Amino acid sequence: MSEKRIRVRFAPSPTGPLHMGGVRTALFNYLFAKRNGGDFLLRIEDTDQTRYVPGAEEYIIESLKWCGLIPDEGPGFGGEYGPYRQSERKEIYARYAQQLVESGWAYYSFDTPEDLDRLRAEAEASGQVFSYSQHTRMKLCNSLALNEHEVKIRLESGEPYAIRFKMPEQLDVTEEDLIRGSVTFNTRELDDKVLFKSDGMPTYHLANVVDDHLMEITHVIRGEEWLPSMPLHILLYRALGWEETRPRFSHLPLILKPQGKGKLSKRDGDKLGFPVFPLQWQDPETGEISKGYREDGYFPEAFINLLALLGWNPGTEQEIFSIEELTGLFSLERVVKSGSRFDPEKARWFNRSYLQEKSPEALAQLFEPMLKQKNIVTDISRIIPVIEEIKDRCDFVKEFWDHGYYFFEAPKNYDEKTVSKRWKPETPVEMEAIAQLFDTIDNWEATFIKDSFSVFMNEKGWNFGAVMNPLRLCLVGGNMGPDLFRICELLGKDETVNRIRKAVKVLG
RNA sequence: GGUCCGUUCAUCUAAGGGUUAGGAUUCAAGAUUUUCAUUCUUGCCAUAGGGGUUCGAAUCCCCUACGGACUGCCA
């Protein structure tokens, strides 16, 4: 094989937000490039003007940045092979389309979209499927069926036309897919795809082949939905005389929805309560908002990690990988062939793993803005010890509040179940006694508080459970939380005593 | 309908002819925590079915079933 530098591309269409399957495709391309010391390019495939969605390209780029998948080349990233937006490469494609007609690999088609719609409808009515192919092309309106003179007149009169690929008859096209192994198609079953549209733009098929060649792409790594068009692309390289240098192909398995049938779609996320997009997206037409992993509180490292393991594994039992580790280990050979169902529970677990590894300082920095939003201003140094106590019980930074709000504000109400279970007629007297005891403690540290408390309890002969549980209720408003004396310490003596007395007043 | 791809615990997956089919998530039980959660331990659970090839098959071949993708002047 050649010594060519490895170059791969991620080529999304800016027709909406990037789906997590798209992010995984980008990730695998990135990992493959970096593993092999090559280049990762971003190319925007915007050849369909009718499907342009404002903001989609920016969304794609912001998503890649959030994930840390920075292209070496692409719109806004520089590079020697630009422009990287297909709409800006328009002139290039017409030339190659023309070349294909001249060499007999393609032909003009004058059938209008309406004509074809009608033919499709008719076929369907009789239980058939219409296809523009070697079996039907001679009965249709194109430069193969029409005589030379007729074609010339139509062309000169400016009649709109599309250029279609003239699929060879009865030819086996075999390719070694780097993930799936040998795949064979016979051209007899393939149709004559449009390469160049009547609006002057190429279709995906022509544009991606031309651009991959011009941009010296060595490996095409894309979703499984492209597998059926691989023979067309291979033949296009042959027709253009680029077979010697053409890229190798790999088709990634799909990401399937957690339950039921089919691939993961936008709707599933909304229905099942997890994001399918990296970032939140608001549809510019309908205003409808779709959740994003970022806004849901996922760490980008966790998101990347879970995506990497959806359809790939290094063959060891390790599951937590930094992006650097992934780039060191990745190989297409270890990508699985079958589609994988996405498991939101495991996604949560990945985030948890990353959260537990982070320092209390770093987590406090992330939590502080959320406190500010609740109008709680406090010093980072006061947040850190709280996080040390509660982070075990959290999967996301945003859960710190639910598990530790009582460190920042007195409980507004008391959990009813706990009250009915723990708050007895004698409790108020006991609580007041504890409050008085606490008032006398000078060294306000968990171990001392605990010692004093124990001595006192033994003197009184009171039952620990009967006192500690309502005491916890006074301080946190429920029956949850870390070590009670640690809570007392962090609350401070005055606040602790105040909360006890307040609870006695409220609960009677 | 046609073409192509796929099929190991509920889920993600390991095992590239010889293992008690391993790990992780979920779930369940026990321990610890005088609370809740965590943590730890244990447990439940799989080679789609049928034929071959072979001393020996999750692994190779064929058939069936099921699932999926594609079948646009969309990408």
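No experiment lies behind these values; they were computed from the predicted model shown.
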With C1' as the reference atom in both, quote the distance from B/rU59 to B/rG22 in angstrom, rounded to an integer. 16 Å
For a quick check of understanding: with a heavy-atom distance under 4.0 Å over all strands, which category does A/Pro258 fall into, base, sugar-phosphate or nothing? nothing
Between B/rC12 and B/rA65, how far apart are the P atoms? Round to whole Å, please. 24 Å
Of all the choices, B/rA24, B/rC5, B/rU3, which nucleotide is nearest to the side chain of A/Phe185 once you look at every atom? B/rU3
Give one of base, sugar-phosphate or nothing for A/Thr15, where a contact means two heavy atoms less than 4.0 Å apart. nothing
To the nearest angstrom, the NZ-P distance between A/Lys346 and B/rC12 comes to 10 Å
Assign A/Gly311 to base, sugar-phosphate, or nothing according to its heavy-atom contacts below 4.0 angstrom with the strands shown. sugar-phosphate
With a 4.0 Å cut-off on heavy atoms, is A/Thr184 in touch with a base, just the backbone sugar-phosphate, or nothing at all? sugar-phosphate
Answer with yes or no after comparing the ring centroid distance for A/Phe303 and A/Phe350 against a 6.0 Å cut-off, counting only values under it. no
Determine the contact category for A/Arg352: base if any of its heavy atoms lies under 4.0 Å from a base atom, sugar-phosphate if only primed atoms, P, OP1 or OP2 are that close, otherwise nothing. sugar-phosphate
Regarding A/Asp117, tell me which of base, sugar-phosphate or nothing describes its non-hydrogen contacts under 4.0 Å with the strands shown. nothing
Quick one: closest heavy-atom pair of A/Asp415 and A/Gly478, and the distance? CB-CA, 4.0 Å
P gap between B/rU54 and B/rG43, integer Å: 40 Å
What does A/Asn479 touch in the nucleic acid at a heavy-atom separation under 4.0 angstrom: a base, only the sugar-phosphate, or nothing? base
Got a donor-acceptor pair under 3.5 Å from the side chain of A/Ser198 to the base of B/rC73? yes
Given that A/Gly315 and A/Tyr204 both sit by RNA chain B, which one's nearest nucleotide is further toward the 5' end? A/Gly315
Looking across every strand, which nucleic acid part, if any, lies under 4.0 Å from A/Thr112 by heavy atom: base, sugar-phosphate, or nothing? base
For A/Gln170 and B/rU3, give me the distance from atom CD to atom C1', rounded to whole Å. 14 Å
If I take atom CD in residue A/Glu345 and atom P in nucleotide B/rC27, what distance separates them, rounded to the nearest angstrom? 6 Å
Mind checking A/Arg188 for me? I need base, sugar-phosphate or nothing, with any heavy atom below 4.0 Å counting as a touch. nothing
Please determine if A/Arg164 forms a cation-pi arrangement with A/Tyr132, meaning its NZ or CZ atom is less than 6.0 Å from the six-membered ring centre and no more than 45° off the ring axis. yes
Contact class for A/Gly262 vs. all strands (heavy atom < 4.0 Å): base, sugar-phosphate, or nothing? sugar-phosphate
Paired nucleotide for B/rU8 [Watson-Crick or G-U wobble; both distances under 3.5 Å]: none
Taking the basic N atoms (NZ, or NE/NH1/NH2) and the acidic carboxylate oxygens, is any pair closer than 4.0 Å for A/Glu45 and A/Arg222? no
Shortest non-hydrogen separation from A/Pro83 to A/Arg89 and the atoms involved: O-NH1, 2.8 Å
Side chain of A/Trp349: nearest nucleotide among B/rA24, B/rC70, B/rG2? B/rA24
Just checking A/Arg51: base, sugar-phosphate only, or nothing, at a heavy-atom cut-off of under 4.0 Å? base
Should B/rU32 form a Watson-Crick or G-U wobble pair with both distances under 3.5 Å, which nucleotide is its partner? none
Return whichever of A/Leu309 or A/Asp483 has its heavy-atom-nearest nucleotide of RNA chain B closer to the 5' end. A/Leu309
Between B/rU19 and B/rC61 - C1' atom distance, rounded Å: 25 Å
B/rU32 versus B/rA37 - spacing of their P atoms, nearest Å: 15 Å
NA contact type, A/Arg164, heavy-atom cut-off 4.0 Å: base, sugar-phosphate, or nothing? sugar-phosphate
Report the base-pairing partner of B/rC55 (Watson-Crick or G-U wobble, both distances below 3.5 angstrom), or none. B/rG18
What is the distance, to the nearest angstrom, from the CE atom on A/Met230 to the P atom on B/rU3? 17 Å
Validation row: A/Phe453, A/Leu484 side chains within 4.5 angstrom (heavy atoms): no
Please determine, for B/rC70, whether a Watson-Crick or G-U wobble partner exists with both distances under 3.5 Å, and give it or none. B/rG2
Answer yes or no: does a side-chain N or O of A/Arg472 lie under 4.0 Å from OP1 or OP2 of B/rA37? no
Looking only at heavy atoms, what is the nearest atom pair of A/Tyr406 and A/Val476, with distance? CD1-CG1, 3.4 Å
What does A/Val476 touch in the nucleic acid at a heavy-atom separation under 4.0 angstrom: a base, only the sugar-phosphate, or nothing? nothing
Return the nucleotide paired to B/rG43: Watson-Crick means purine N1 to pyrimidine N3 with N6-O4 or O6-N4, wobble means G-U with N1-O2 and O6-N3, both under 3.5 Å. B/rC27
With a 4.0 Å limit, can you tell me whether A/Lys263 has a side-chain N or O closer than that to the phosphate oxygens OP1/OP2 of B/rC70? yes
